[in-house]
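Please read the structure below before turning to the comments.
In this text the structure is predicted, and so the values were computed from the model without any measurement. Order of the sequence lines sets the chain letters (A, B, ...), proteins ahead of strands, with each chain counted from 1.
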There are 2 protein chains.
Amino acid sequence: MTVVSREAGDRLVAGRRWGHGSDWRNGAATRDNGLMSESAVVDKPGLRERKKAKTRAAIQEQALRLFRERGYDATTVEQIADAAEVSPSTFFRYFGSKEDVVAYDALDPLMMAAWRAQPPDVAPIPAFRNAMAQIFASLTPVQIEEMMDRGRLLFSVPALRQVAVNEMVRSGRMVVDELAARLGRPADDLELQVFAGAVMGAVVAVLAPMLDDPSLELEERLNGAFEFLQKGMPL
Amino acid sequence: MTVVSREAGDRLVAGRRWGHGSDWRNGAATRDNGLMSESAVVDKPGLRERKKAKTRAAIQEQALRLFRERGYDATTVEQIADAAEVSPSTFFRYFGSKEDVVAYDALDPLMMAAWRAQPPDVAPIPAFRNAMAQIFASLTPVQIEEMMDRGRLLFSVPALRQVAVNEMVRSGRMVVDELAARLGRPADDLELQVFAGAVMGAVVAVLAPMLDDPSLELEERLNGAFEFLQKGMPL
DNA sequence: CTATGTTATGAGAGTGGCTGTCAATAGCCA
DNA sequence: TGGCTATTGACAGCCACTCTCATAACATAG
C-alpha cells in the first residue's frame, strides 16, 4: 500500500529522504482503543504495540510544541528527541524525517468519508462543498486552532511545502479514484483529473487567506468559490 | 521585489534553505542584449557581469547534466562544483540551494506575455488556453524535450516538489495580478483566486500525465480541459 | 599606469539532518 | 526460567549548507 505511487522509484537512487516505507500514519493513538473490558485477553495490541504508539505520540506532540514555541528551523531533532526522552536514532526510526512529523492530517480521511456519504443524487461539486462544510462545522474551536496552526506551519516553512504538496497530490488522487468508482469512468479520464485539480486549487484559494485573517467566513467563501466554479468561472 | 512574499519572515529563524535573497532569476543571459553596435561603449554589462552570467550558466548546465546522468540524489554539490570548475562555496553563492538550480522556468514569462497579448475581448479562459497553445506550438523539439526533462525531475524527485509548488504559487499570483489589473478588481478577490487556483490545478492535470506518455496530444487535452472548466465541470 | 576600493573566489571549520552498524536491553513465548 | 526477537542508544560517517577570512580579480580615480 504505497501512499504516493510516484515515489516508488526514488529509493533506487540512494535518496536521503523518504527512506523508511514504514507503517506510520496510524498515530494519534494515545488513548488506544476506548473499548475493552479491563481484564481482556483478546485484541489488546500487546504491550509492545502500545509502547510504540505512546512513543510516536510523545515525539509528535513534543515536536509540534517545540515548532510552535521556537520555530521549525530553530528546533533540532536532538531537542525533540530529548524532550520526548528518546535518542535521535529513535526519532528517525519513527518518523523518517523531521518533516514527516507534521505530515499527518487527521481531517483528510474524515473529509473523504463525508464526501462519500453524500447522497448519490447530489452533483459532485455541491457534494464536495457540503462535505467540507459539515466537517468544519463539526470541529471544536480547539481543533480549528490546531488545524490553523498546522496550516500556517505547512504554508510558511518552505521545507514543509513539500509535505503539503504530497498531501494534496494524495487527496487529489483519492478524489479521482472516488469519482472514477462512482461514475464508472477510468481513473485516467482527463475530466476527472481536471475536476480534482481544479477543486484542489479552489480549496487552497479558499483556505489560504484564512490562515492570515481569521475574520473570514469559511462557509461563505466555500459557497462563493464552488458556485463560481460551477458557473464555469465567468469573469 | 520579493519573489514569494510569504517567505519574508523565514530568514529570522536561522533557516537553512532560502538564505540568500539574491537577484538571480534573470539568468539565461548568455547572449546579453541582442541589440548593440559591435564597438559600443554604452550598455555592455562589463566583464564582471558577463563572467558571472557565464559561471551561473556553467553551474546550471553541469548540474542538470549530472542530474540526468546519475540522478538528483546521487549527485553531490561537490561533484557539480568540480564539473563546473568552481568551489562548493561558489556554487552556494550562485544558487543558495541544490534545489534552486532546477527552479528557473524559462517558459513562465513567455506564457504570461502571450496571455497578456491576447485581445481584450477574448474571455480569460480561452485567452489562457490560446496563450498556452501558442507557446507550446512555438517550441522546437529540443526545447520540448528539455521541458519534459525538467518536468519529470520536478515531479519525481520529492525534494524538488517544493520548488514546483513555489513556481506554481508564483504563477498563480501572477495570474491573479494580471486579472486584477485587467478587470479592475482587488487582488484578494475570492473569484480571482479561485480562478487562478482552478486553472493551475487544471494545467497540472493536463500536463502531468504527458510526462509519462508522450503520445498524448497537448492541444486536444488543453481544449478538453478548458472547455470542461468553462462548462462548470458537469459530471 | 598605478593606487585604492570593491567584489568574487577558495579554503577550511563547523552545524545539523540523516543513515547505517553494533551491542545492550526489554518485551514476548515456551 | 531461558531463549528469541524487536527496540533502543551510542557512535561513526555522509552531505547540504553557513560563516569567516585571506587572496585574487576587476573597477576606477588620479
Could you check which residues of residues 77-89 of chain A get a heavy atom under 4.0 Å from DNA chain D? Sort them by number, please.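 Heavy-atom cutoff 4.0 Å gives A:V86, A:S87, A:S89.
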
Contact check, side chains of B:M111 and B:D108, non-hydrogen atoms, under 4.5 Å: no

Check whether any side-chain nitrogen or oxygen of A:K51 sits under 4.0 Å from OP1 or OP2 of C:dA26, and answer yes or no. no

May I ask you to evaluate whether A:Y94 reaches the phosphate of D:dT8, defined as a side-chain N or O under 4.0 Å from OP1 or OP2? yes

I want to check a possible cation-pi pair here: B:K98 against B:Y72, using under 6.0 Å from ring centre and within 45° of the ring axis as the test. yes

Given atom [atom1] of [X] and atom [atom2] of [N], what is their separation to the nearest angstrom?
{"X": "B:R50", "N": "D:dC26", "atom1": "CZ", "atom2": "C1'", "value": "12 Å"}
{"X": "A:D73", "N": "D:dC17", "atom1": "CG", "atom2": "P", "value": "12 Å"}
{"X": "B:I59", "N": "D:dC17", "atom1": "CD1", "atom2": "P", "value": "14 Å"}
{"X": "A:R70", "N": "C:dG16", "atom1": "CZ", "atom2": "P", "value": "12 Å"}
{"X": "A:K52", "N": "D:dT8", "atom1": "NZ", "atom2": "P", "value": "8 Å"}
{"X": "B:F91", "N": "D:dA16", "atom1": "CZ", "atom2": "P", "value": "9 Å"}
{"X": "B:Q162", "N": "C:dG17", "atom1": "CD", "atom2": "P", "value": "15 Å"}
{"X": "B:F92", "N": "C:dT9", "atom1": "CZ", "atom2": "P", "value": "15 Å"}

If you check the B:T90 side chain, which of C:dG10, D:dT7, D:dA16 turns out closest?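 Nearest listed nucleotide: C:dG10.
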
Between D:dA16, C:dC18, C:dG17, which nucleotide has the shortest distance from any of its atoms to the side chain of A:E99? C:dC18

B:F136: which residues meet the ring pair (Phe, Tyr, Trp, His ring centres under 6.0 Å) condition with it, sequence neighbours left out?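 By the ring pair (Phe, Tyr, Trp, His ring centres under 6.0 Å) rule, B:F136 matches no residue at all.
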
Electrostatic pair B:E145:B:R152 at N-O distance under 4.0 angstrom: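 Answer for the salt bridge query: yes.
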
Check ion pair A:R65-A:E69 (N to O, under 4.0 angstrom): yes

Quiz item: A:R93 side-chain donor-acceptor pair to D:dG9 base, under 3.5 Å: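 Yes, a donor-acceptor pair under 3.5 Å.
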
Backbone N or O of A:F155 within a donor-acceptor pair of the A:R161 side chain at under 3.5 Å?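 Checking the backbone N and O of A:F155 against the side chain of A:R161, a donor-acceptor pair under 3.5 Å is found.
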
Might you work through the side chain to side chain contact (heavy atoms under 4.5 Å, CB included) test for A:R68 and A:L153, ending with a clear yes or no? CA-CA 8 Å; A:R68 206 178 321 116; A:L153 247 190; over 6 Å; no

